[in-house]
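One structure coming up, written as structure tokens, with questions to follow.
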Amino acid sequence: MERITIDIVSDVVCPWCYLGKARLEKALAEVADEVAVDINWRPYQLNPDYPPEGVDQQKALAEKLGGKANMDRAHETLTALGKEVGINFDFAAIKIGPNTMDAHRLLLWAHTEGRDIQDKVVTALFKANFEEGKNIGDHAVLLDIAEKAGLDTELIGRLLASDADREMIVTEIDSAKQMGVNGVPFFIFEHQYAVSGAQTPDVLAGALREIAAQKAQAQ
């Protein structure tokens, strides 16, 4: 069985990233007998200029999308696509559009504990934001997620209160942009094959099979 590394450049307030994650999971279930994967979640910020306390999400998003009607249409589309893969988007519940810097710092620290821990944290962040309407810029919300994932909340609390690893997140986002990432989700397989956007499970499964075949031939 071939083992493939997947780096996913994503922001936890990006609905297409949540959709992309669920579709990838379906693809992985399809190729489970053929391919094993190591997934690393990499940071990206759609709204790096948002203040630490966040913004009025409904107002800011409507402005960004050119009006409430456009926003509602986009949400209807995403809600329908989400249902296909088991996501219950509740866009109306999202009151605060957060700055995601601290969420990305938490994901970085989770990764040091293991990819399984990082996966738990990223899943909880997406769910908290998109299905529960929680403010994932709020340290209390982040600490609750950290605790449920088995992280040391006392340590995480101290780190969140500091500027630890902010520069590292900024540098990593800059590197992604220099590589040509200008939208998320962005999947990088084996550090060389790129797939942009929330592709369907069959497209992702096909890409995984193709890369696995190439790896097997190269040996």
| query | Any side-chain heavy-atom pair from M179 and I188 closer than 4.5 angstrom? | reply |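 Yes - at least one pair of side-chain heavy atoms lies under 4.5 Å apart.
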| Distance-only polar pair, side chains of Q214 and Y193, donor-acceptor under 3.5 Å |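 Y193 and Q214 do have a side-chain donor-acceptor pair below 3.5 Å.
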| request: Starting from L61, walk the hydrophobic network (Ile, Leu, Val, Met, Phe, Trp, Tyr; side-chain heavy atoms closer than 4.5 Å) and list everyone else you reach, by chain and number. | output: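 L65, M71, listed by chain and number.
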| task | Not counting sequence neighbours, which residues clear ring-ring contact (aromatic ring centres under 6.0 Å, His included) with Y50? List them please. | result |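 Expected list: none.
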| request: Look at the side chain of K134 and the backbone N and O of E131, then say whether any donor-acceptor pair between them is shorter than 3.5 Å. | output: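 Such a contact is absent between K134 side chain and E131 backbone.
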| query | Is the side chain of R105 donor-acceptor paired with the backbone N or O of R166 at a distance under 3.5 Å, no angle test? | reply |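 Such a contact is absent between R105 side chain and R166 backbone.
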| task | Classify the side-chain pair N99/E53 by whether it contains a donor and acceptor separated by less than 3.5 Å. | result |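 No.
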| field | pair L142-I156: side-chain heavy atoms closer than 4.5 Å | value |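 Contact flag for L142/I156 side chains = no.
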| E2 versus K215: any side-chain heavy-atom pair under 4.5 Å? |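 Side chain of E2 against side chain of K215, heavy atoms only: contact under 4.5 Å found.
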| request: For residues V13 and I94, determine if any side-chain heavy atom of one lies less than 4.5 Å from a side-chain heavy atom of the other. | output: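 With C-beta onward as the side chain, the pair stays apart.
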| Just wondering, do W109 and L159 contact through their side chains at under 4.5 Å, heavy atoms? |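 They are in side-chain contact.
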| said: Looking at E154, I'd like to know if its CD atom is crowded, meaning that more than 12 non-hydrogen atoms belonging to other residues, nucleotides or ligands lie closer than 6.0 Å. | reply: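 For E154, atom CD is not crowded (no more than 12 foreign heavy atoms under 6.0 Å).
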| request: Spell out, as yes or no, whether a donor-acceptor pair under 3.5 Å connects the side chain of Q45 to the backbone of I173. | output: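 Not confirmed, Q45 side chain does not pair with I173 backbone.
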| request: Taking the side chain as every heavy atom from C-beta outward, state whether D38 and R115 have any pair of such atoms under 4.5 Å apart. | output: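 Result yes, sub-4.5 Å side-chain heavy-atom pair found.
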| Any salt bridge between K21 and E25, counting N to O under 4.0 Å? |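 Looking at E25 together with K21, the answer is yes, because their closest N to O distance falls below 4.0 Å.
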| request: May I ask you to decide if G157's main-chain N or O and H139's side chain share a donor-acceptor pair within less than 3.5 Å? | output: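 Not a single qualifying donor-acceptor pair exists.
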| Between F126 and Y18, how do the two ring planes meet: parallel, tilted or perpendicular, split at 30° and 60°? |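 Rings of F126 and Y18: parallel, as their planes differ by under 30°.
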| Transitive ILVMFWY cluster of I96, excluding itself - 4.5 Å side-chain cut-off |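 Other cluster members: none.
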| said: Does the plane of the ring in F89 sit parallel, tilted or perpendicular to the ring in F130? Use 30° and 60° as the thresholds. | reply: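 Rings of F89 and F130: perpendicular, over 60°.
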| field | N129 side chain near N135 side chain, heavy-atom distance below 4.5 Å | value |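 Not in contact.
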| field | Residues E132, K127: salt bridge by 4.0 Å N-O rule | value |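 Salt bridge between E132 and K127, a charged N being under 4.0 Å from a carboxylate O: no.
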| Within a strict 4.5 Å, meaning less than it, do heavy atoms of the L81 and E84 side chains meet? |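 When only atoms from C-beta onward are counted, E84 and L81 do touch, with a gap below 4.5 Å.
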